[in-house]
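Below is one structure, written out as structure tokens; comments come after it.
The structure displayed is predicted, hence computed values, not measured ones.
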Amino acid sequence: MTTPDLWAICFARQAAADFNTWKRLRNQKDPKYPECHVNQFLQMACEKICKSFLITHGSDPSTLQGSHAYIAKNLHTIIAQQISLKNENVSKHKSLLAHVKRLAGEVDRLSPSVDREQRPDNCEYPWAQGNNVYSPLDHH
């Protein structure tokens, strides 16, 4: 039988693997790895760590399977908690957390299912805008 703890651990492990892949690809600057694919690993890592956090704090894992919109709402909270666990004053990191919140919104939008009407650009699928169709391969 699966338990929430097992789901949280597996999401966290996968998040770490995705994040490490993002770091390796980002540092290589190899043109055979398009920026959209590099960014997709960042989006996936952030999404999975947020889901792990939510499960650890009582969310039912089955309710987190169908959506991608978790990063903007949760990543700054996770970072604030980590700051607090280091016995640091969270309020001293107000500007960092504001920056994280803004960046988390942008990372959230890398997923094609998030804010599709307002921001169709994403790192996975082509999108239409006006009379044109764009590929993530061509969008930076």
Side-chain angles (χ1 to χ4, degrees):
M1 181 176 154
T2 64
T3 66
D5 287 343
L6 289 174
W7 280 100
I9 289 167
C10 286
F11 271 114
R13 288 181 60 223
Q14 192 62 43
D18 291 344
F19 188 71
N20 288 332
T21 301
W22 171 76
K23 285 192 308 187
R24 280 192 296 274
L25 294 175
R26 182 197 63 182
N27 290 335
Q28 287 180 2
K29 302 284 187 199
D30 189 330
K32 71 181 174 187
Y33 301 117
E35 187 178 347
C36 62
H37 290 119
V38 175
N39 288 340
Q40 190 173 13
F41 279 101
L42 176 62
Q43 184 277 325
M44 292 187 304
C46 291
E47 177 183 326
K48 288 172 187 137
I49 200 64
C50 288
K51 287 181 178 185
S52 177
F53 174 83
L54 290 169
I55 292 167
T56 301
H57 287 81
S59 291
D60 180 347
S62 66
T63 65
L64 304 176
Q65 303 293 323
S67 177
H68 298 283
Y70 293 100
I71 301 166
K73 295 176 186 170
N74 297 290
L75 192 59
H76 68 285
T77 302
I78 295 167
I79 292 174
Q81 185 180 57
Q82 292 302 306
I83 291 169
S84 180
L85 288 172
K86 291 182 173 190
N87 292 321
E88 292 185 31
N89 187 338
V90 175
S91 64
K92 288 183 178 180
H93 298 277
K94 209 182 248 187
S95 65
L96 169 68
L97 293 171
H99 186 68
V100 165
K101 195 167 192 167
R102 186 183 60 75
L103 286 176
E106 290 300 310
V107 171
D108 225 359
R109 288 181 193 95
L110 290 171
S111 171
S113 66
V114 177
D115 205 10
R116 185 77 173 187
E117 295 302 316
Q118 297 298 314
R119 289 279 304 276
D121 52 315
N122 67 86
C123 65
E124 191 171 355
Y125 298 114
W127 66 90
Q129 200 167 23
N131 292 326
N132 293 315
V133 176
Y134 297 93
S135 168
L137 291 169
D138 303 319
H139 191 70
H140 303 286

Listed pairs under 3.5 Å, donor-acceptor, residues 52-60 side chains, sequence neighbours left out:
from: Ser52; atom 1: OG; to: Ala8; atom 2: O; distance (Å): 2.8
from: Thr56; atom 1: OG1; to: Ser52; atom 2: O; distance (Å): 2.8
from: His57; atom 1: ND1; to: Phe53; atom 2: O; distance (Å): 2.9
from: His57; atom 1: NE2; to: Gln81; atom 2: NE2; distance (Å): 3.4
from: Ser59; atom 1: OG; to: Leu54; atom 2: O; distance (Å): 3.4
from: Asp60; atom 1: OD1; to: Ser62; atom 2: N; distance (Å): 3.0
from: Asp60; atom 1: OD1; to: Ser62; atom 2: OG; distance (Å): 3.0
from: Asp60; atom 1: OD2; to: Ser62; atom 2: OG; distance (Å): 3.2

Starting from Tyr134, can I reach Leu137 by hopping between I/L/V/M/F/W/Y residues whose side chains sit under 4.5 Å apart? no

Between atom CD of Gln40 and atom SG of Cys36, what is the distance when rounded to the nearest 0.5 Å? 7.5 Å

Has the side chain of Asp108 got a donor or acceptor atom that lies under 3.5 Å from a matching backbone atom of Ala104? no

Suppose we screen for salt bridge (charged side-chain N to carboxylate O under 4.0 Å, His left out). Which residues come up paired with Asp5, at least two apart in sequence or across chains? none

Counting C-beta onward and ignoring hydrogens, is there a side-chain heavy-atom pair between Gln65 and Trp7 closer than 4.5 Å? yes

Side-chain heavy atoms under 4.5 angstrom apart, residues restricted to Ile, Leu, Val, Met, Phe, Trp, Tyr: same cluster for Ile83 and Ile71? yes

Give the C-alpha distance, both sets of side-chain angles, the deciding distance and a yes or no for side-chain contact (heavy atoms from CB on, under 4.5 Å) between Gln28 and Leu25. CA-CA 5 Å; Gln28 287 180 2; Leu25 294 175; 4.3 Å; yes

Nearest-0.5 Å distance, OH of residue Tyr70 to NZ of residue Lys48: 14.0 Å

Under 4.5 Å between side-chain heavy atoms, hopping through other hydrophobics if needed: is there a path connecting Trp22 to Leu103? no

Hey, what do you get for CD (Gln82) to OG (Ser84), rounding to the nearest 0.5 Å? 9.5 Å

Would you say Leu96 and Val107 are hydrophobically clustered, going by side-chain heavy atoms of ILVMFWY under 4.5 Å? yes

Can you tell me if CZ on Arg13 sees more than 12 non-hydrogen neighbours from other groups inside 6.0 Å? no

If you measure from CG on Leu75 to SG on Cys46, what distance do you get to the nearest 0.5 Å? 5.0 Å

Is Val100 reachable from Leu42 through a run of hydrophobic residues whose side-chain heavy atoms are each under 4.5 Å from the next? yes

Hydrophobic side-chain clustering at under 4.5 Å (ILVMFWY, transitive links): who's grouped with Val133? Put none if nobody. none

Starting at CD1 of Ile49, measure out to CE of Met44 and round the result to the nearest 0.5 Å. 14.0 Å

Could you tell me whether the side chain of Lys51 and the main chain of Phe11 form a donor-acceptor pair under 3.5 Å? no

Taken in chain and number order and not counting sequence neighbours, the residues that satisfy salt bridge (charged side-chain N to carboxylate O under 4.0 Å, His left out) with Glu88 are none

Quick one: name the residues clustered hydrophobically with Leu85, using the 4.5 Å side-chain heavy-atom rule over I, L, V, M, F, W, Y, and just say none if it's on its own. none

NE2/His93 to NZ/Lys86 distance, rounded to the nearest 0.5 angstrom? 9.0 Å

Is any side-chain heavy atom of Asp18 closer than 4.5 Å to a side-chain heavy atom of Gln43? no

Is it true that Arg102 and Glu106 have a side-chain N and a carboxylate O under 4.0 angstrom from each other? no

Would you sort out whether Phe19 and Thr21 count as a side-chain contact (heavy atoms from CB on, under 4.5 Å), showing the intermediate values? CA-CA 5 Å; Phe19 188 71; Thr21 301; over 6 Å; no

Contacts table for residues 121-131: side-chain donor-acceptor under 3.5 angstrom, sequence neighbours left out:
from: Asp121; atom 1: OD1; to: Arg119; atom 2: NE; distance (Å): 3.1
from: Asp121; atom 1: OD2; to: Arg119; atom 2: NH2; distance (Å): 3.1
from: Asn122; atom 1: OD1; to: Glu124; atom 2: N; distance (Å): 2.7
from: Asn122; atom 1: OD1; to: Tyr125; atom 2: N; distance (Å): 2.7
from: Asn122; atom 1: ND2; to: Pro120; atom 2: O; distance (Å): 3.1
from: Asn122; atom 1: ND2; to: Tyr125; atom 2: O; distance (Å): 3.1

